[in-house]
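The structure appears right after this line, and notes come after that.
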Amino acid sequence: MSDCIFCKIVQKKIPSRIVYEDEISLAFEDINPQAPVHTLIIPKKHISTLLDIPEDDSGLIGHLFRIANKLAKDKGIAERGYRLVANCNPESGQTVYHIHIHLLGGRRMHWPPG
Ligand code: 5GP
Ligand code: ZN
């Protein structure tokens with residue numbers, strides 16, 4: 001996707017603070033952090049929304065969650081607690097249409113979310 005900002009981050013055409021990378025996924029710091037820890041975990045391949053995840057790609061999603069959990073441990077927030085968020089479509093607040101998991105932590109989270 002030539003006009004997708006996260007695809008450009010994957011291709012290193014836009015700079016980002018990358019904290020993890022492998023063949024199928026990338027994690028980088030959110031440009032507008034909402035908590036002391038706010039990292040985005042994305043698949044390298046373009047998928048616009050959660051609704052567009054192919055049926056045979058459940059392994060990819062499991063992988064993204066494993067990376068998120070690993071980063072929570074690495075960043076020292078695993079025991080205190082952290083939140084994983086994935087927004088889908090406008091009412092959820094999705095603004096970038098390349099799926100991503102938000103890893104949020106380092107402060108007390110509120111529930112219900114806004
Ligand atoms: P969404 O609202 O789609 O769930 O989350 C998109 C997230 O991407 C937001 O938290 C926003 O701050 C982040 N974001 C948008 N553009 C960029 C960018 O160019 N670089 C980085 N690192 N994060 C971005
Ligand atoms: Zn993309």
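Note: hydrogens, waters and symmetry copies are ignored here, and every other heavy atom, side chains too, is used. Counting starts at 1 for both ligands and their atoms, following the listed order. Just so you know, residue 1 is the first one in the sequence shown, and it goes up from there. All of these numbers come straight from a predicted model, not from anything done at the bench.
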Could you list the atoms of ligand 1 found under 4.0 angstrom from a heavy atom of [X]?
X     : value
Asn32 : 12 (O)
Ile5  : 19 (O)
Phe28 : 21 (C), 22 (N)

Please verify whether a non-hydrogen atom of [X] lies at under 4.0 Å from ligand 1.
X      : result
Asp30  : yes
Val85  : no
His102 : yes
Phe6   : yes
His100 : yes
Ser16  : no

The Zn ion (ligand 2): angle it makes with ND1 (His98) and SG (Cys7), nearest 10 degrees: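 With the Zn ion (ligand 2) as the vertex, ND1 (His98) and SG (Cys7) sit 110° apart.
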Atom of [X], atom of [Y] and distance for their closest heavy-atom approach:
X     : Y     : result
Lys45 : His98 : O-NE2, 3.5 Å
Lys75 : Glu29 : NZ-OE2, 2.8 Å
Gln94 : Asn87 : OE1-O, 3.4 Å

Would one find an N or O of [X], backbone or side chain, under 3.5 Å from an N or O of ligand 1?
X     : value
Val96 : yes
Gly93 : yes
Ile31 : yes
Glu29 : yes

Protein heavy atom at shortest distance from atom 3 (O) of ligand 1: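 I find the closest protein heavy atom is Thr95 N, 2.7 Å.
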Per-residue contact class, Ile9 against ligand 1 - non-hydrogen pairs under 4.0 Å: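 It is the side chain that touches ligand 1; the backbone stays farther off.
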Short side-chain to backbone donor-acceptor contact, Lys13 and Cys7, under 3.5 Å: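 Such a contact is absent between Lys13 side chain and Cys7 backbone.
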CA sep, side-chain torsions, deciding dist, call: Asp30, Leu104, side chain to side chain contact (heavy atoms under 4.5 Å, CB included): CA-CA 10 Å; Asp30 196 291; Leu104 293 155; over 6 Å; no
Chi angles and distances behind the side chain to side chain contact (heavy atoms under 4.5 Å, CB included) call for Leu84, Leu103: CA-CA 5 Å; Leu84 302 181; Leu103 166 63; 3.7 Å; yes
Side-chain donor-acceptor pair present, Ser92, Asn89, cut-off under 3.5 Å: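 Note: Ser92 and Asn89 side chains miss the donor-acceptor criterion.
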Option passing side chain to side chain contact (heavy atoms under 4.5 Å, CB included) with Ile41 (candidates Leu64, Leu26, Asn69):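 Of the listed options, the one satisfying the test is Leu64.
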Atom name of the N, O or S atom in His46 that lies nearest to the Zn ion (ligand 2):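 In His46, the heteroatom (N, O or S) nearest the Zn ion (ligand 2) is ND1.
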His102 and His100 aromatic centres sub-6.0 Å: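 His102 vs His100: aromatic centres under 6.0 Å.
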Gap separating the NZ atom of Lys44 from the CD atom of Gln11, nearest 0.5 angstrom: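 One finds 11.0 Å between NZ of Lys44 and CD of Gln11.
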Single-linkage hydrophobic cluster Phe28~Val19, side-chain heavy atoms < 4.5 angstrom: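 Each belongs to a different hydrophobic cluster.
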